[in-house]
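Below, chain A is the first sequence line, B the second, and so on; all start at residue 1. Owing to the predicted nature of the structure, the values given are computational and were not obtained by experimental measurement.
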There are 2 protein chains.
Amino acid sequence: VHQFVRKLITEWRRLELPAAGETVVIGVSGGADSLSLLLGMTHLVQTQKLSLRIIAAHFNHGLRGQDSDADEEFVRTTANTLEVEFATKRGHVSDEGNLEQAAREARYDFLRSTAASVHSNLILTGHTINDQAETFLMNLIRGSGIGGLAAMPSVRETELSGVRLVRPLLNWASRENTEGFCVDSRIEYRYDTMNDDTAFKRVRIRRILLPLLADMNPNIVANLAETAARLRELIPADAAHSEVSDSLSIADLVSLDEAVSRSLIRVWLGRQRGTLRALTAKHIAAVDALARSHKSGRVAEIPAGRVVRSGGKLTYLPNKVEKPAP
Amino acid sequence: VHQFVRKLITEWRRLELPAAGETVVIGVSGGADSLSLLLGMTHLVQTQKLSLRIIAAHFNHGLRGQDSDADEEFVRTTANTLEVEFATKRGHVSDEGNLEQAAREARYDFLRSTAASVHSNLILTGHTINDQAETFLMNLIRGSGIGGLAAMPSVRETELSGVRLVRPLLNWASRENTEGFCVDSRIEYRYDTMNDDTAFKRVRIRRILLPLLADMNPNIVANLAETAARLRELIPADAAHSEVSDSLSIADLVSLDEAVSRSLIRVWLGRQRGTLRALTAKHIAAVDALARSHKSGRVAEIPAGRVVRSGGKLTYLPNKVEKPAP
């Protein structure tokens with residue numbers, strides 16, 4: 001068995017994903033990343049390590065003219081060869097505004113509607129540690145706060161109830177690994193020429209910034225992905241699915257050293273808000289004071305919301321319903 | 001009063017530094033950063049906002065030949081003009097190994113011994129938000145973990161008991177601010193030609209990497225410094241001086257939701273160890289189990305040490321005495 005497949009099943013089990021009885025929708029562009037994921041999952045089903053129905057789902061964004069149609073044809077043929085079901089849609093992506101983002105949203109819309117139509121609870125994408133490192137750098141440059149540096153989680157809920165988005169390659173596979181596995185499997189992957197268009201921020205990061213950083217540390221991609229993973233342990237990017245309870249017990253808080261209770265308040269607020277952004281030591285101190293003294297009133301104002309003391313508990317109330325960070 | 005001086009006194013008060021009765025040693029290279037700090041502090045003393053004895057301390061590392069001597073002469077003359085005491089030393093820095101690091105260590109040795117000789121408890125350096133952003137990037141590239149990304153604190157203890165190292169410009173002043181204040185004060189600062197030597201990693205970051213990042217976001221320096229500040233609130237870089245108690249009460253821990261107690265354990269271990277490096281969810285779970293069940297034994301192994309359950313408390317024991325991250 002190829003090392004790539006061994007690592008894939010190890011990660012699948014580590015993430016406690018189902019081994020049988022489910023349908024998975026795999027987003028396949030035709031590039032090495034998504035193709036290696038399709039190949040690996042198909043292999044695991046054929047060798048009966050997993051018992052899942054696989055749908056290869058290709059979104060034809062039509063942005064590269066004939067090349068886009070050739071991509072679609074290539075993924076269709078590959079799916080046929082692998083004896084995997086195939087779903088596709090030709091979408092129109094408006095090239096006004098942020099083309100990159102519009103294409104991504106249209107693609108995810110398609111994946112979600114495909115999942116809904118086949119009653120699948122799992123959408124898989126081929127994001128690698130390279131994508132993770134690029135996301136980390138994009139968010140770092142954008143100044144998105146610590147929540148943004150936590151980058152992508154391996155598993156997150158989608159807007160469709162019960163449907164999860166899973167990135168089984170995110171924690172371990174590099175672009176070299178995915179390309180290597182395709183080559184070893186004698187499958188020629190497609191090359192997306194949009195990967196060369198440095199008008200896209202992500203491409204500039206991939207083509208210019210990362211090589212410069214790699215010149216200073218060849219291990220940079222793994223380092224950045226690892227840093228994101230450590231931050232994600234501190235502050236889950238997807239705060240909506242945190243196990244932390246919505247309220248914080250005042251009795252618990254005041255029994256702790258002040259420094260510890262403040263750390264706890266910070267972690268709690270970070271999860272409630274989905275980000276630590278704009279949260280300063282002053283805000284934390286105000287919430288701590290709220291717990292410790294009735295003189296502090298009943299409300300502490302926090303960026304994007306407030307914390308209310310009521311019934312022996314602190315509760316965070318956001319100013320308005322906000323989507324968790326993408 | 002110049003805005004630079006107003007911001008300096010505001011930061012001095014925010015850091016709760018003494019307003020009177022102390023001697024401060026200011027490291028002055030002759031560059032705009034340290035010179036603006038010397039100018040600003042002198043102004044605050046002359047206008048009686050502060051009542052401190054100031055020593056301008058210049059370390060002549062001799063690495064630039066005649067230029068190094070000219071630097072020394074310039075700082076001596078400037079100190080005389082400002083009617084500030086002057087201390088200097090000509091040191092030999094070995095150019096074997098890491099020249100940058102050797103020069104920095106020799107400089108800090110000199111500042112510490114100067115502080116000791118004048119019974120000063122405060123050493124001041126002119127690090128700016130640019131230095132902070134560079135440190136963040138250096139540590140990011142090196143892969144130093146979240147502790148390294150927290151970069152430099154504004155105040156930290158030194159190896160000399162009771163003597164603190166203070167960076168009053170770190171939180172707010174940019175290199176443009178320090179240069180601007182020197183220009184407005186009609187003092188021509190010296191330019192360190194070693195700032196152009198891209199053999200130094202820091203210079204490569206300053207001259208090549210940061211301009212590339214600034215091209216993508218002009219606000220990058222402030223963003224990186226802000227990110228470091230937020231991380232420092234989560235994980236103080238100088239764990240040795242955390243207010244968090246050495247032991248964690250098991251009764252406190254088990255009264256909390258598991259997710260909250262794990263967050264608390266993580267913060268506590270991060271501070272005890274000075275870094276979250278190599279700490280995984282598995283380790284946190286092991287420590288949590290140690291608190292919750294006697295079946296888990298008395299010890300949980302953690303990278304670089306272990307956590308021991310004893311007397312109703314958890315205590316972290318490092319494998320060996322480690323210096324906190326610089």
Participant: Identify the heavy atoms of A/Leu212 and B/Leu212 that sit nearest to each other, and give their distance.
Facilitator: CD2-CD2, 3.8 Å
Participant: Quick one: closest heavy-atom pair of B/Asn223 and A/Ile141, and the distance?
Facilitator: ND2-O, 3.6 Å
Participant: Heavy-atom pairs under 4.5 Å with chain A: which of B/Leu224, B/Leu149, B/Leu279 has the most?
Facilitator: B/Leu279
Participant: Only pairs of heavy atoms separated by less than 4.5 Å count here; which of B/Thr280, B/Asn219, B/Ile284 has the most with chain A?
Facilitator: B/Thr280
Participant: Among B/Thr227, B/Leu137, B/Leu213, single out the residue with the greatest number of heavy-atom pairs under 4.5 Å to chain A.
Facilitator: B/Leu213
Participant: For B/Arg204 and A/Asp215, which heavy atoms make the closest approach, and how far apart are they?
Facilitator: NH1-OD2, 4.5 Å
Participant: Can you see which heavy atom on A/Met216 is nearest to which on B/Ile205, and at what distance?
Facilitator: SD-CG1, 4.2 Å
Participant: If I take atom CD1 from residue A/Ile220 and atom CG from residue B/Leu140, how far apart are they, to the nearest 0.5 angstrom?
Facilitator: 5.5 Å
